[in-house]
Amino acid sequence: MGTRKNPVCPIERSGSLDNRIRRWLQNPRKILNPYVKEGMTVLEVGCGPGFFTIDLARMVGNNGRVVAADLQEGMLQKLKEKIQGSEVEHRIILHKCADDKIGVSEKFDFIFLFYMVHEVPNKKAFFNELSSVLKTNGKIYVVEPPFHVSKKDFEESIVKANLSGLIVEARPKLFPNKTALFKKI
Ligand SMILES: C[S@@+](CC[C@H](N)C(=O)[O-])C[C@H]1O[C@@H](n2cnc3c(N)ncnc32)[C@H](O)[C@@H]1O
């Protein structure tokens with residue numbers, strides 16, 4: 001992706017992000033169940049082709065909604081095609097981020113960042129923005145891949161989040177991934 005320091009996952013790889021084997025290894029319901037409740041407003045940044053998005057939308061129910069955000073139009077297009085005409089279509093708002101800004105203004109109960117933080121070049125600005133749109137008792141759940149992201153890099157991301165007023169509440173077990181559940185100070 002041009003001069004971007006951290007390359008983003010290309011659209012051509014979207015098939016590997018959404019298939020039955022992954023659903024078996026990383027069941028979205030199991031991963032999200034402890035955090036997502038009916039009626040919630042959820043922000044998923046880096047939704048990609050929407051592996052988690054449809055389950056998120058089912059879990060928040062008719063009174064909730066999910067803002068599915070990505071900086072690649074092609075990823076949002078794939079998700080759009082998947083939800084068209086489905087019962088969850090009206091619960092999902094597709095949002096195109098800028099390279100250096102998510103660009104949402106409403107407040108969220110839960111923010112989900114799966115396998116995407118390592119692709120963000122300016123993590124300090126990213127977590128600052130997330131902190132500003134997180135409700136007082138809201139949570140941010142970060143999951144990063146095991147080999148691609150070193151322990152040191154992950155811990156550095158946590159420090160950036162801390163500087164934005166976010167503290168680690170838990171390290172949910174999701175072997176072999178690296179995880180952190182944040183709340184506001
Ligand atoms: C490896 S994919 C993971 C997609 C999805 N979370 C999943 O687990 O299937 C990372 C996604 O994050 C998006 N992304 C990377 N940096 C981003 C940013 N700063 N803002 C929004 N989306 C971003 C990429 O375009 C890509 O779709």
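Order of appearance sets the numbers: ligands from 1, and atoms from 1 within every ligand.
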Check Ile102 against ligand 1 and report side chain, backbone, both or neither, counting heavy atoms closer than 4.0 Å. neither
With no hydrogens and no angle check, is any side-chain donor or acceptor of Glu144 less than 3.5 Å from a backbone partner on His118? yes
Could you check whether any heavy atom of Gln26 sits closer than 4.0 Å to an atom of ligand 1, since that is the contact criterion I want to use? no
Quick one: look at Asp70 and ligand 1, take heavy-atom pairs under 4.0 Å, and tell me if it's side chain, backbone, both or neither. both
Counting only N and O atoms by type, is there a donor-acceptor contact under 3.5 Å from the side chain of Asn177 to the main-chain atoms of Leu174? yes
Which atoms of ligand 1 are found less than 4.0 Å from any heavy atom of Glu119? 1 (C), 10 (C), 11 (C), 12 (O), 13 (C), 14 (N), 15 (C), 16 (N), 24 (C), 26 (C)
Could you check whether any heavy atom of Phe112 sits closer than 4.0 Å to an atom of ligand 1, since that is the contact criterion I want to use? no
Sequence neighbours left out, what passes side chain to side chain contact (heavy atoms under 4.5 Å, CB included) with Lys139? Give chain and number order. Phe110, Glu169, Leu181, Lys183
Any N or O of Arg22 that comes nearer than 3.5 Å to an N or O of ligand 1? yes
Would one find an N or O of Met116, backbone or side chain, under 3.5 Å from an N or O of ligand 1? no
Look only at the side chain of Ser132 and the backbone of Glu129, and say whether a donor-acceptor pair between them is shorter than 3.5 Å. yes
Where does Cys47 meet ligand 1, judged by heavy-atom distances below 4.0 Å: at the side chain, the backbone, both, or neither? backbone
Residues which pass side chain to side chain contact (heavy atoms under 4.5 Å, CB included) with Lys173, listed by chain and number, not counting sequence neighbours: none
